[in-house]
Amino acid sequence: MADFTIAEAKIRILYLVSRVPGISYHLLMNRCLDQLYADFFTFSRAYEELIAGNLMDRSFEDADSNAAVGGTETLTISAGGKALLDDAMPAINSTVIANLESSAKELAEEMRLAALVTSSKTPVPGGLWKVSLFSDNKGMPFRCELTVNSEDEASELCRAWKASHGTIPAKLSDLIRKKS
């Protein structure tokens, strides 16, 4: 495993966040740890310093809503982060840039695919919860709304829907065709 300085880790993180706005903290961390060979402590320190230095902005979304892959904390690069990255780019090795660009493309594709299957939960009067499910269903959009008795049930439905990767609408369609 290569040992990156905090500065190198910051540049790599800024590059990915600039190329994949709205990336989740967990997706970014996993990529940095798995493929960019940063250790957890270097990543964590670099990440926190980027946030504290206003070089990246983060926002939080409901865990079962239409959040980005891997979590509820989504990231964008700030104007200051963009300026810093622009200044640093000429000094970055072309092999490193190619590796980062490849990772950015893969991350963007993961996020695009995740947006094809979404879920959300909202409380409704009477202590019930409304669950909204959506799947692109390979170009044939499928929407479903259910009402359940508890937030735990709503959360479980949202998790199960996301885990199914949208295969449920196709299975329902097959079931209907078989009955016809």
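For reference, positions follow the sequence shown, starting with 1.
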- [ ] Output the distance between atom CG (L107) and atom CG (L100), rounded to the nearest 0.5 Å.
- [x] 10.5 Å
TODO: Find the distance between OG (S135) and CZ (F142) and round it off to the nearest 0.5 Å.
DONE: 8.0 Å
Open item on the list: Quick check against the 3.5 Å criterion: does S102 have a side-chain atom that pairs as donor or acceptor with the backbone of A98?
Closed with: no
Task: Where L85 and S18 come nearest, the two heavy atoms and their spacing - done: CD2-OG, 3.5 Å
Open item on the list: Taking V117's backbone N and O only, do any of them form a donor-acceptor pair with W161's side chain (distance below 3.5 Å, no angle check)?
Closed with: no
Task: L28 vs V17 side-chain heavy atoms within contact, under 4.5 Å - done: yes
Task: Residues forming a salt bridge (Lys or Arg N to Asp or Glu O under 4.0 Å) with E153, sequence neighbours excluded - done: none
- [ ] Quick one: do T118 and S132 satisfy side chain to side chain contact (heavy atoms under 4.5 Å, CB included)? Show the steps, please.
- [x] CA-CA 8 Å; T118 62; S132 299; over 6 Å; no
Task: By side chain to side chain donor-acceptor pair (under 3.5 Å) - contacts of N93 (at least two apart) - done: T95
Task: Within one Ile-Leu-Val-Met-Phe-Trp-Tyr cluster: F41 and L33, side-chain cutoff 4.5 Å - done: yes
Open item on the list: The criterion is side chain to side chain donor-acceptor pair (under 3.5 Å); which residues satisfy it with T42, sequence neighbours excluded?
Closed with: D39
Open item on the list: Do W129 and F134 sit in one hydrophobic cluster, given that two such residues count as connected whenever their side-chain heavy atoms are within less than 4.5 Å of each other, even indirectly?
Closed with: no
Task: Residues which pass side chain to side chain donor-acceptor pair (under 3.5 Å) with R45, listed by chain and number, not counting sequence neighbours - done: E49
- [ ] List in chain and number order the residues that pass side chain to side chain contact (heavy atoms under 4.5 Å, CB included) with I92, two or more places apart in sequence or in another chain; answer none if no residue qualifies.
- [x] I11, M89, V96, I97
Task: T74 (side chain) donor-acceptor with G22 (main chain) under 3.5 angstrom - done: no
Open item on the list: Suppose we screen for side chain to side chain contact (heavy atoms under 4.5 Å, CB included). Which residues come up paired with L128, at least two apart in sequence or across chains?
Closed with: V124, T147, N149
Open item on the list: Using side-chain heavy atoms (C-beta onward) and a distance below 4.5 Å, is C158 in contact with V131?
Closed with: yes
Open item on the list: List the residues meeting side chain to side chain donor-acceptor pair (under 3.5 Å) with E106, not counting sequence neighbours, and say none if there are none.
Closed with: R31
Open item on the list: Return the CG to NZ distance between L146 and K121, rounded to the nearest 0.5 Å.
Closed with: 14.5 Å
Open item on the list: Working to the nearest 0.5 angstrom, can you tell me the gap between M29 CE and D34 CG?
Closed with: 9.0 Å
- [ ] Identify whether I6 and L14 are in the same connected component of the hydrophobic contact network (ILVMFWY, side-chain heavy atoms under 4.5 Å).
- [x] no
- [ ] List for me each residue that meets side chain to side chain contact (heavy atoms under 4.5 Å, CB included) alongside T76, sequence neighbours excluded, and say none if there are none.
- [x] P21, D57
Open item on the list: Among residues at least two apart in sequence or on other chains, which ones pass salt bridge (Lys or Arg N to Asp or Glu O under 4.0 Å) with D86?
Closed with: K82
- [ ] Give a yes or no on whether F40 and I13 share a hydrophobic cluster (residues Ile, Leu, Val, Met, Phe, Trp, Tyr; joining criterion: side-chain heavy atoms under 4.5 Å apart).
- [x] yes
Task: CZ-CG distance between R143 and L133, expressed to the nearest 0.5 angstrom - done: 11.0 Å
Task: Pairwise side-chain contact, S103 with Y15, heavy-atom cut-off 4.5 Å (strictly under) - done: no
TODO: Please state whether the rings of Y25 and F43 are parallel, tilted or perpendicular, taking 30° and 60° as the class boundaries.
DONE: tilted
Open item on the list: Rounded at 0.5 Å granularity, tell me how far OG in S78 sits from CG in L84.
Closed with: 9.0 Å
Task: Residues which pass side chain to side chain contact (heavy atoms under 4.5 Å, CB included) with R58, listed by chain and number, not counting sequence neighbours - done: Y47, E48, I51, F60, E73, L75
